[in-house]
Amino acid sequence: MKLCDVTLREATQLPDRDYTVEQRVAAGRALDDLDVPLVQAGFPAVGEDQTEVVSTLADDLDGDVVAIARGVESDVDAALDAGADVVEVFVPVSDGQLEHVVGKSRAEMYETAEACLDRVREGGATPHLTLMDGFRTEASAVAAAFERFDCPVVVADTVGARTPSFVAGYLRTLAESGVDLSRAGVHFHDDLGCATANALVAAQAGVGRVDVSVASLGERAGNPATEEVVAATVQEGATRASRPSGSSPPASRCWTRSTRTWTRANPSSAGR
């Protein structure tokens, strides 16, 4: 299992925080010092600062730098121009998102995704696909995406509405449908306070990637805390997890040292 740290992108969505390019670059380098294999550095299509962070870190880091893109050619091109190692295309797939947000069918969204993923490959980057609101989508529709797309597929709990028991059952259903969970990633939000627990359940189920964020910094209630997921997998002896090396200081301490402001109000284990 690989960790994808999404702090650089998710933390910038907090309403009371404003991180400079220099702070984000310093934090990205700190994550790389901890051997984080995937660092989601930004969303180049939305601003020059995001592009600068992605392009700077793509030149600097040993790990792979991930840039996200909507299912739009111009977004994909912006991510490629920034030099990202991985371009992660995200498309909505739940009935609610399809009807009320994009006004398209799931078949149309999958066609759009396919064209964008091909464009990523042609541009020389590695494609990943995120299914927005995937955990509120029929498992059969998500399983069809794994069958159709030859790349890692991240299933997102976009609104933070799922619990560990649901996640375990959902992933079990996907596996019973023939999905190789080692190709699956998961992205959780902490609106119900279940993000880290959901991530650990997914890791136990055998997913190949878990998205995490230092000190749980992220949109709304945040994401699974990097330090909590690492500590829990170490405690349980999860030898398959690609995690920060034991000789490094805790992620949140290194992060705070680099940026001075990347903290949450009451982390449970940050910096211990």
Side-chain angles (χ1 to χ4, degrees), residues 1-11 13 31 34-40 63-64 66 68 86 88 90 128-137 139 142 152-175 179-244 250-252 255 264 266-270 272:
M1 183 191 79
K2 290 184 177 181
L3 299 181
C4 177
D5 193 288
V6 300
T7 322
L8 294 179
R9 183 187 65 81
E10 284 279 356
Q13 299 183 71
L31 289 169
L34 296 175
D35 299 328
V36 175
L38 294 165
V39 175
Q40 192 178 93
D64 285 338
V66 182
I68 67 168
V86 175
E88 186 169 330
F90 62 93
H128 286 196
L129 175 66
T130 288
L131 304 179
M132 290 177 61
D133 218 16
F135 276 103
R136 293 201 300 172
T137 304
V142 170
V153 178
V154 178
V155 184
D157 180 24
T158 303
V159 298
R162 293 313 188 195
T163 60
S165 60
F166 180 92
V167 170
Y170 193 91
L171 294 174
R172 184 168 56 249
T173 299
L174 288 181
V179 172
D180 177 4
L181 291 182
S182 69
R183 288 181 52 221
V186 289
H187 181 94
F188 295 110
H189 285 270
D190 205 30
D191 299 73
L192 293 182
C194 295
T196 295
N198 286 341
L200 295 174
V201 165
Q204 291 169 351
V207 300
R209 164 183 159 179
V210 172
D211 288 4
V212 293
S213 179
V214 169
S216 197
L217 292 172
E219 183 181 12
R220 302 190 315 275
N223 307 93
T226 304
E227 63 279 7
E228 292 173 355
V229 173
V230 170
T233 54
V234 170
Q235 179 172 299
E236 293 186 358
T239 58
R240 293 193 309 113
S242 295
R243 58 184 181 262
S252 55
W255 191 280
R264 62 174 170 173
N266 188 28
S268 59
S269 60
R272 291 183 185 174

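Since we're looking at a predicted model, the values are computed, not measured.
Within the 3.5 Å criterion, the main-chain N or O of Met132 finds no donor-acceptor partner in the side chain of Thr158. Gln13 places no side-chain N or O within donor-acceptor distance of the main-chain N or O of Gly218, the cut-off being under 3.5 Å. Asp157 contributes a side-chain N or O that, together with a main-chain N or O of Arg162, makes up a donor-acceptor pair within less than 3.5 Å. A donor-acceptor pair under 3.5 Å is absent between the side-chain atoms of Asn198 and the main chain of Ala202, judged by distance alone. When atom types are taken as modelled, the side chain of Ser216 and the backbone of Pro224 share no donor-acceptor pair closer than 3.5 angstrom.
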message: Please evaluate residues His128 and Val66 with respect to the criterion side-chain contact (heavy atoms from CB on, under 4.5 Å), reporting the C-alpha separation (whole Å), side-chain torsions for both, the decisive distance (0.1 Å), and the verdict.
response: CA-CA 9 Å; His128 286 196; Val66 182; 5.8 Å; no
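Considering CG of Leu34 and OG1 of Thr226, their distance stands at 9.5 Å, rounded to 0.5 Å. Annotation: the span from Asp191 atom CG to Glu219 atom CD amounts to 8.5 Å, rounded to 0.5 Å. Put simply, CZ on Arg172 and CG on Leu181 are 11.0 Å apart, with the number rounded to the nearest 0.5 Å.
Contact annotation: the side chain of Val212 never approaches that of Asn223 to less than 4.5 Å [non-hydrogen atoms, C-beta and beyond]. Taking the side chain as every heavy atom from C-beta outward, Arg136 and Val159 approach each other to under 4.5 Å. Residues Leu171 and Val207 meet the side-chain proximity criterion, which asks for heavy atoms closer than 4.5 Å.
Counting all heavy atoms, side chain and backbone alike, Gly134 lies closest to Val142 at O-CG2, 3.8 Å. Residues Ala156 and Thr130 share a closest heavy-atom pair of CB-CG2, 4.1 Å. Nearest heavy atom pair, residue Val229 against residue Ala199, reads CG2-CB, 4.2 Å. Contact detail for Ser213 and Val6: the closest heavy-atom pair is CB-CG2, 4.1 Å. Shortest non-hydrogen contact noted between Gly160 and Arg220 is N-NH2, 3.8 Å. Contact between Lys2 and Pro37 at its shortest, heavy atoms only, is CB-CG, 4.0 Å.
Defined by atom type and a distance below 3.5 Å, a donor-acceptor pair is present between the side-chain atoms of Glu10 and His187.
Taking the six-membered ring for Trp and thresholds of 30 and 60 degrees, Phe135 and Tyr170 have ring planes inclined between 30 and 60 degrees apart.
Applying the salt bridge (Lys or Arg N to Asp or Glu O under 4.0 Å) test to residues at least two apart or on different chains, the pairs with a partner in residues 198-210 are Glu88-Arg209, Arg209-Asp211.
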